[in-house]
Structures are given as C-alpha cells and as structure tokens.
Amino acid sequence: MNDAAAPAGNGQGRLVQLLFYVAVLAGWYAVTRAGLVNPIVLPPLDKVLAAIPGVVASAQFGADLATTLFEVFCAFVLAAVAGLLVGYVVGRSPRRIAEYEPLLSAVYAVPLVLFFPLFVLFFGLGIASKVAIGAAIAFFPIVLNTIAGFANVNPVHLAAARLMGASPGQIMRHVMVPSALPVVTTGLRMGLIVALLGCLGTETIAATGGLGYRMVALAELMDTVEEYAYIVLIIVIAALLNALAGWAEARAHRLMGAR
Amino acid sequence: MAAAATSALPVREGPARPVRLLRGRVVVILVLLAVWEIGARFFVSPHFASPPSEMLLALPSMLATKGVPAALALSFGELVAAFAVSVAIGLPLGLLIGLSGASRRTLLPIVFLLYAIPQITVLPLIIMLSGIGPAAKIVFGVTHAVFPIIFTLAASVGEVDRTLVKFARITGASSWQVFRYVTFPYAVPSFFNGMRLAMVGAILGVLLAELYVSSAGIGFYTRLFADSFQTPKLFALVFVLAAMAVVLNEIMRRAEIRFSRWRNG
C-alpha cells in the first residue's frame with residue numbers, strides 16, 4: 001500500500017504471516033470436523049482443498065479466468081494510457097495543477113461503482129461494462145499519482161540539465177522520468193489492484209461470466225464447496241497479480257535509474 | 001487504498017489568484033455539463049442517458065417514489081454505523097501497532113495479510129452469516145474502512161520524531177504525558193487523513209453491498225429504475241448518492257486541514 005508496507009516484507013513478518021495462515025487453516029479444519037458450524041455456511045477444509053484441482057481443470061474455470069483477466073487487462077491499459085497522458089499534461093504546470101487536481105481528487109472520492117447501473121445501461125451485461133467501470137475506477141489513482149510525480153520534479157535539477165545543454169528528450173529520460181517514476185508506478189500499481197477489484201466486484205452485481213460472477217452463482221446454488229474453492233483461487237490470483245506488479249515496479253525502477 | 005495519492009502534493013491550493021483558478025474550474029465543469037446535455041439530448045437514446053436538466057427535474061419525483069427516502073436514510077445509517085465501528089476497531093489497533101514494537105512485528109503482518117484479500121470474495125460469506133439486512137452491509141463497509149485507519153495511525157504514531165520523545169522524557173514527562181502531548185498531537189493529522197480514506201471506503205463497501213443485494217434498499221431502486229427505463233430517475237438517484245459522498249468527503253477533508261494546521265505554523 002504505502003511506505004508502511006516495509007516492515008511486513010522481512011523474514012520475521014513472513015513467519016508471523018505463515019503462522020497465521022496455519023492457525024486459520026487449523027481452526028477451519030477443527031471447527032468443521034467437530035461439527036460446530038453448518039457445512040453449508042463453512043464446508044470442511046479438506047473437501048474444499050480436494051475440490052480445487054477439479055475446479056482448476058474445468059473448462060468453466062478457464063473461461064471465467066480468461067474473462068476476468070481480459071477485463072482487467074483492457075481496463076488497466078485504458079486507464080494507464082489516459083491517466084499517464086492527462087497526469088503528465090496537468091502535472092507539468094502549477095496553474096493546471098491548481099485548477100484540475102482538486103477537481104480530480106473530488107471525483108476520486110465518489111465511489112464510481114455507484115454509476116455501475118448506468119454502465120450496464122450503456123455497455124450491456126457483458127465484458128464491455130466491466131472494462132469501462134474498471135478503467136474509470138483505475139484512472140484516478142493513476143492520474144493523481146502521475147500529477148504528483150511530475151509536479152515534484154526538482155526545478156533545480158531541470159534547470160541544471162537545461163544549462164548543461166540537455167535536449168528535451170534527454171531531460172525527459174534522465175531527469176523527469178527517474179524523479180517521477182516511484183510515485184507514478186505506485187499509482188499504476190494501485191490502479192491495477194483497483195481495476196481487479198472493480199471488475200471482480202461489478203461481476204458479482206451484474207454479469208454473464210467471470211470469476212466474481214461464478215463465485216456468486218455458486219453461492220446462490222448453495223454449492224459452497226465449489227464457491228470456497230473459487231474464493232481461495234481468487235485470493236491466490238489477486239496475490240499473484242500483486243506480486244507481478246511489485247516485480248514489474250522494481251524492474252522499471254532499476255531500468256530507469258530511479259531512487 | 002489511496003494513502004499516497006492525494007496528500008503528497010505540495011501545490012494543493014494554488015498560491016495566487018484564487019478567483020482566476022475558481023473561474024477556470026467552473027468553466028471546465030460548465031463545459032462538461034454542456035457536452036453531457038447536448039450529447040444526451042441529441043445523440044443518445046433517452047432510454048440510456050438523461051441530460052442533466054431532466055435529471056434535476058426528475059429529482060422530486062424520484063424522492064417521492066414510495067420507499068426511496070427510507071432506503072436513502074437506511075443506507076446513510078449503515079454508512080455511519082460502518083464508519084463508527086471501523087474507528088472503534090481501527091483506532092485502538094492502529095495505536096497498539098504504532099506504539100509497541102512487539103505488536104508491530106506480530107499484528108501488522110497479519111493486518112497486511114487480511115488487507116490483501118479482495119473484500120468482494122467475502123461478501124457472499126458475510127451475507128450467508130448475517131443475512132441480507134443492514135448488518136451485512138455494515139460489516140462489508142467495515143472491511144473496506146478499517147484498514148486505512150489502522151495503516152495511517154500505525155505509520156504516523158510509529159514515525160513520531162524520536163528527538164521530541166527523548167526531549168519530553170528528559171524533561172521528566174511520564175509515558176502518558178509523552179503520549180498525550182507529543183505522540184498524539186503528532187498523529188492527529190494522519191488520523192484524519194485515515195478517517196477520510198475510511199469514509200471513502202465505508203461508502204464504497206456499503207453501497208457495493210446495497211447494489212449486490214438488490215431485493216431491498218438502494219440496490220433495489222437502482223435496479224428498478226434501470227430495468228423499467230426510468231432513466232432520469234436512475235440518474236437522479238445516482239446523483240443524490242454521489243453528492244452525499246462528495247459532501248462527506250469534503251467534511252473529512254476540512255477536518256483534516258483544520259487539525260493539521262498546527263504543523264505548518
């Protein structure tokens with residue numbers, strides 16, 4: 001999330017997380033085996049684990065996964081292109097920042113998922129409405145962080161580069177991008193995560209396919225074993241996407257020589 | 001979600017000529033409204049979009065629809081409850097994590113782990129456990145709102161200037177006094193920042209659950225208006241909800257600025 005994330009990354013934090021995992025799974029197993037909860041509400045752990053390979057191998061899961069990932073990918077690309085462009089244009093001028101940044105922050109505060117019924121009206125129940133709302137939700141963290149990143153480029157560095165005869169391209173490549181990159185990539189990463197959450201969330205409300213849709217459909221059929229298998233898989237997929245984004249972020253920083 | 005996004009800007013309110021800035025902003029808003037009005041009036045089927053003028057005209061009849069005011073009031077109540085519960089859980093937890101190294105090492109990784117779970121995956125479970133009434137919506141709102149409070153508080157309490165703490169200790173302050181006069185004032189601005197993000201989260205969580213459970217409340221009426229092509233009413237309802245979100249956010253932002261003022265002298 002932000003800088004507070006640092007302490008969780010070390011070995012001790014990992015150990016605590018691992019222990020917590022084990023405790024939760026053990027608690028789940030014990031409670032369900034002892035018959036303390038209704039198996040419809042919480043099916044036994046071993047049944048859920050046993051169901052996972054079958055779910056993963058099924059054609060339906062493949063189709064749902066492809067749908068959701070395609071939605072998230074399209075939404076993220078749209079949001080990133082628009083957010084980086086607008087953010088760069090606004091962030092380079094203090095006057096435009098003063099004019100538009102509060103406007104964008106105010107819209108960012110509105111949960112855009114409110115407008116989902118309108119999106120369904122415009123784009124239908126299929127993939128398009130999820131792409132559109134995912135892109136709309138992901139646009140704001142990306143654009144706001146891009147503005148912040150380019151606004152905070154040290155003017156002394158810019159002036160020094162210009163004095164030494166750097167071309168606009170060189171200034172961009174060697175001064176602006178390395179300086180803005182950490183904040184911008186944070187925005188991109190948040191954008192990817194909210195695009196995923198937005199697509200999954202709206203799939204549960206109105207959709208014809210996708211992981212979120214399937215999870216809810218299984219819940220409504222009271223097929224809780226498969227539902228929990230889907231939940232576990234969605235959490236794993238979210239964690240993988242997050243890890244992938246973190247890896248890409250670190251790599252981009254190394255490549256562009258950012259702090 | 002967005003702790004880093006908005007608060008880091010140095011040029012938040014422009015330094016000079018606020019009137020000109022305001023004018024620029026108003027022009028942008030007016031242009032957008034005009035585009036919307038013209039687009040919706042002449043280019044899009046009235047079933048799919050309503051121009052802003054019709055939306056405003058539909059506002060009274062939407063609010064007069066039987067059950068809508070009650071649904072709005074209920075959602076607002078759920079929102080307040082979700083926010084209050086999140087503060088009640090997040091405040092002590094955030095302080096505990098921020099103040100003690102042991103709890104930072106043990107609790108924080110667990111909080112991060114829970115935060116990494118997409119909340120939507122637990123929504124069907126929450127509904128299975130607590131029904132489709134207000135309780136489920138409050139719980140789901142809390143799952144969105146509690147994390148920003150914990151993270152911002154833990155970070156700000158943990159990052160209090162060591163020199164100030166040492167100085168207070170040397171001059172004979174007790175632990176409680178250090179907390180009361182150094183750590184706490186130091187953390188208050190971040191706490192309000194966290195509260196603002198929590199409010200955004202609570203709105204998101206409660207309304208998402210409302211839309212998901214569309215057999216009653218706001219979710220029912222959005223679906224009703226959408227399915228029966230009463231588009232102006234749908235736009236009006238969404239507009240009311242969005243206005244509620246903007247006003248609540250603005251209240252939080254004002255409080256944040258008010259309580260951060262001492263920092264900049």
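Values reported hereafter were calculated over all heavy atoms of this structure, with side chains retained and with hydrogens, waters and symmetry mates removed. In what follows, every chain begins at residue 1, and chains take the letters A, B, ... in the order their sequences are listed. Treat the numbers as computed from the prediction; the structure is a model and nothing was measured.
With a 6.0 Å radius and a threshold of 12 heavy atoms from other residues, nucleotides or ligands, B:Phe239 has its CZ atom at or below the threshold. In this structure, A:Arg92 places its CZ atom where more than 12 heavy-atom neighbours from other residues, nucleotides or ligands lie under 6.0 Å away. By the neighbour-count criterion of 12 heavy atoms within 6.0 Å, atom OH of A:Tyr21 is sparsely surrounded, having that number or fewer from other residues, nucleotides or ligands.
The OG1 atom of B:Thr121 sits 6.0 Å away from atom CE of A:Met215, with the distance rounded to the nearest 0.5 Å. Between the CG atom of A:Leu211 and the CD1 atom of B:Ile120 there is a distance of 12.5 Å, given to the nearest 0.5 Å. Considering CZ of A:Phe20 and CZ of B:Phe112, their distance stands at 14.0 Å, rounded to 0.5 Å. Of the inter-residue distances, the one linking B:Leu204 atom CG with A:Ile137 atom CD1 reads 7.5 Å to the nearest 0.5 angstrom. Here B:Leu207 contributes atom CG and A:Phe116 contributes atom CZ; the two are 14.5 Å apart, rounded to the nearest 0.5 Å. Separation of atoms OG1 (B:Thr106) and CG (A:Leu15) is listed at 11.5 Å; rounding is to 0.5 Å.
Interface check for chain B: of the options A:Val216, A:Val120, A:Val107, A:Thr224, the most heavy-atom pairs under 4.5 Å are formed by A:Val216. Ranked by heavy-atom pairs under 4.5 Å with chain A, the list B:Leu241, B:Leu123, B:Ile127, B:Val111 is led by B:Leu241. Per-residue counts of heavy-atom pairs under 4.5 Å with chain B were compared for A:Arg96, A:Glu203, A:Glu227; the largest is that of A:Glu227. When the candidates A:Leu118, A:Leu104, A:Leu200 are compared by the number of heavy-atom contacts under 4.5 Å with chain B, A:Leu118 comes out ahead. For the set A:Val113, A:Ile234, A:Ile205, the entry with the most heavy-atom pairs within less than 4.5 Å of chain B is A:Ile205. Among B:Ile218, B:Val246, B:Leu248, B:Val28, the residue making the largest number of heavy-atom pairs under 4.5 Å with chain A is B:Val28.
Neither the backbone nor the side chain of A:Tyr230 comes within contact range of chain B, judged by heavy atoms closer than 4.5 Å. Contact annotation for B:Leu32: neither backbone nor side-chain heavy atoms come within less than 4.5 Å of a heavy atom of chain A. Looking at B:Leu129, the atoms closer than 4.5 Å to chain A (heavy atoms on both sides) all sit in the side chain, from C-beta outward. When heavy atoms are compared at a cutoff of 4.5 Å, B:Ile29 approaches chain A solely by way of its side chain, counted from C-beta outward.
With A:Pro117 as reference, B:Thr222 is the one residue of B:Thr222, B:Thr231, B:Leu237 to meet the side-chain contact (heavy atoms from CB on, under 4.5 Å) rule.
The shortest distance between side-chain heavy atoms of B:Leu125 and A:Tyr228 falls below 4.5 Å. When side chains are defined from C-beta on, A:Val16 does not count as touching B:Leu107, because their heavy atoms never get closer than 4.5 Å.
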